[in-house]
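Note: hydrogens, waters and symmetry copies are ignored here, and every other heavy atom, side chains too, is used.
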Amino acid sequence: AALGMMRAAMRGLGHAGTIAKCPDASDPDLLAVVTLGKAHRATARDRERLAAITRRRTTRRDFAPAPLPASLTQAIAALDEQRASIALLT
């Protein structure tokens, strides 16, 4: 989702560019290399996607089929007891 938002931001702000995902197998912490390209005319759709970034709260991909570990659900429940803004969806 983060790289999709990066691409939307580049295009919405009027730039072409490239995003190389996981470009260095020896550096597992490096998610991507982003290169800002030449200026381009942002389309209405580009600007709509840029504006949507601040309104997004979730990714639209499927959830993993495996259940959450019990220790994680307990930690989430403890946060809820502290009145944190969190919801557990099962």
**Q** Would you please name every residue forming a side chain to side chain contact (heavy atoms under 4.5 Å, CB included) with Ala9, sequence neighbours left out?
**A** Leu50, Ile53
**Q** Under 3.5 Å, which donor-acceptor pairs link side chains of residues 28-38 to any protein atom two or more places apart or in another chain?
**A**
none

**Q** Which residues pass the side-chain hydrogen bond (donor to acceptor under 3.5 Å, both in side chains) test with Gln74, not counting sequence neighbours?
**A** none
**Q** Rounded to the nearest 0.5 Å, what separation is found between the CZ atom of Arg49 and the CE atom of Met10?
**A** 13.0 Å
**Q** Under the salt bridge (Lys or Arg N to Asp or Glu O under 4.0 Å) rule, what pairs show up with a residue in residues 1-14, not counting sequence neighbours?
**A** Arg11-Asp46
**Q** Taking only residues two or more places apart in sequence, or in another chain, which ones meet Ser71 in a side-chain hydrogen bond (donor to acceptor under 3.5 Å, both in side chains)?
**A** none
**Q** Between Ala42 and Gly12, what is the shortest heavy-atom contact and its length?
**A** CB-O, 3.8 Å
**Q** How would you list, by chain and number, every residue that makes a side-chain hydrogen bond (donor to acceptor under 3.5 Å, both in side chains) with Arg47, sequence neighbours excluded?
**A** none
